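These notes concern the structure reproduced below.
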Amino acid sequence: MIKIFNKYLIKRSFYFSFFILMVFGVLDSIFIFISELENASPQYDIFSILRYVIYSLPHNLIDFIEGACLLGVMLSLGLSHQEGNLNVLRSAGEPPLRIILMSSIGALILTMSLLVLDEISFRNLYLNAEVNKNILSKKDNSNNNDIKWIKSGNSYLSFENIISDDIYQAKLIKIEKKEIAYSIKSDVAFIDNKEIVFNENSNYKNFKDKENKNYKELFEIPIQSRVTFNNISNLGLYEISVYRNLFKESNIDSDALFKLHLDKAFYKLIFLPTSILILIIYFGSLIFTSLRESTVGGRIIVAVLGAFLFKLFQDLSIGVFISYSMPVFIGVILPSVILLLMSISSYKKI
């Protein structure tokens, strides 16, 4: 009988968490769609915007997983309490902590599945959608302050941004004997190992009357140029690990700051399931104490407010540790440690 109730709690928390996560994702997508309409053009039309929003949705769900899982488990426990299932489990000798842990399994399965799928597929879908969006919109609203210049050998490359292996607003200038031999300009170019590949429709200008056009150029792009503060959150765990190792030995202040932000993204992803579990453990205890007789609406408010305050406190904690160049790892886990201590105190009162 107990196994049946436990399976029921796991399934219910999974379904509720998944449904709430999709609601959050759809609402976020609606706001993104409305925002993108301001950038609409003949090339970047409403169907292109809709495609971009749909392909971005799975990756963006990561931002809402904490709140969705906490709310899903709270609703699952609340309804089970109203149905008398929790009383049955308590009468059978099941301690409250074990009941909460069993209910959290469904939410944790959802979290782990989303993290794995994002690493394998969702992030790439988002990056490809971002690539297509930038090509279609052609970044008409960009300005010269966005342009970066780098040098490799006798070649100079200017670009606006690099996403995955795609270079936006790319312009390459080849120097031979202290004179410009040719230049290539394109809305997008591609990185192929240590070569930059331009398509044949690129704007090619030859300054030495050569007949042959070279659309492929040997050019080694510094690793620092391939990642910026803006796209750290879109990196996978493997990529973040590679970049962290590259910046590890640097004594330059800007590199040290950049590594701290890489540490922030890395540890937040690694400890996301743990943070969710501790959130569920603490707020789940309220089902047996202060929220025992509350309404479903009251539990929703508490869960949403709790997830918001936890995320706010975590961001504040990480910001302080980054500002003082202290280990970001501690800043990430500090809110969870405090919440865990509060949980111990809460369960002692049940």
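Residue numbers count from 1 along this sequence. Here the structure is a predicted model, which is why all the values come from computation and not from measurement.
- Checked against salt bridge (charged side-chain N to carboxylate O under 4.0 Å, His left out), K268 has the following partners two or more places apart in sequence or in another chain: D315.
- Here K311 pairs with E66 under the salt bridge (charged side-chain N to carboxylate O under 4.0 Å, His left out) rule; sequence neighbours left out.
- Taking CG of L75 as the start and CD1 of I20 as the end, the distance is 5.0 Å to the nearest 0.5 Å.
- With ring centers used as reference points, Y215 lies under 6.0 Å from Y204.
- Pairs of residues two or more places apart, or lying in two chains, that qualify as ring-ring contact (aromatic ring centres under 6.0 Å, His included) and include a residue from residues 320-343 are Y267-F329, F271-F329.
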*Full working for side chain to side chain donor-acceptor pair (under 3.5 Å) between Y44 and E36*: CA-CA 10 Å; Y44 189 50; E36 287 296 323; 3.0 Å; yes
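- For the atom pair CG of L305 and CG of L312, the computed distance is 10.5 Å after rounding to the nearest 0.5 Å.
- There is no side-chain donor-acceptor pair under 3.5 Å between E130 and Y168.
- Judged as a side-chain contact (heavy atoms from CB on, under 4.5 Å), and not counting sequence neighbours, the contacts of I34 are I30.
- A donor-acceptor contact under 3.5 angstrom links the side chains of S285 and S346, judged on distance only.
- Listed by chain and number, the residues in a salt bridge (charged side-chain N to carboxylate O under 4.0 Å, His left out) with D166 amount to none (sequence neighbours excluded).
- A search for salt bridge (charged side-chain N to carboxylate O under 4.0 Å, His left out) contacts involving R51 returns nothing, not counting sequence neighbours.
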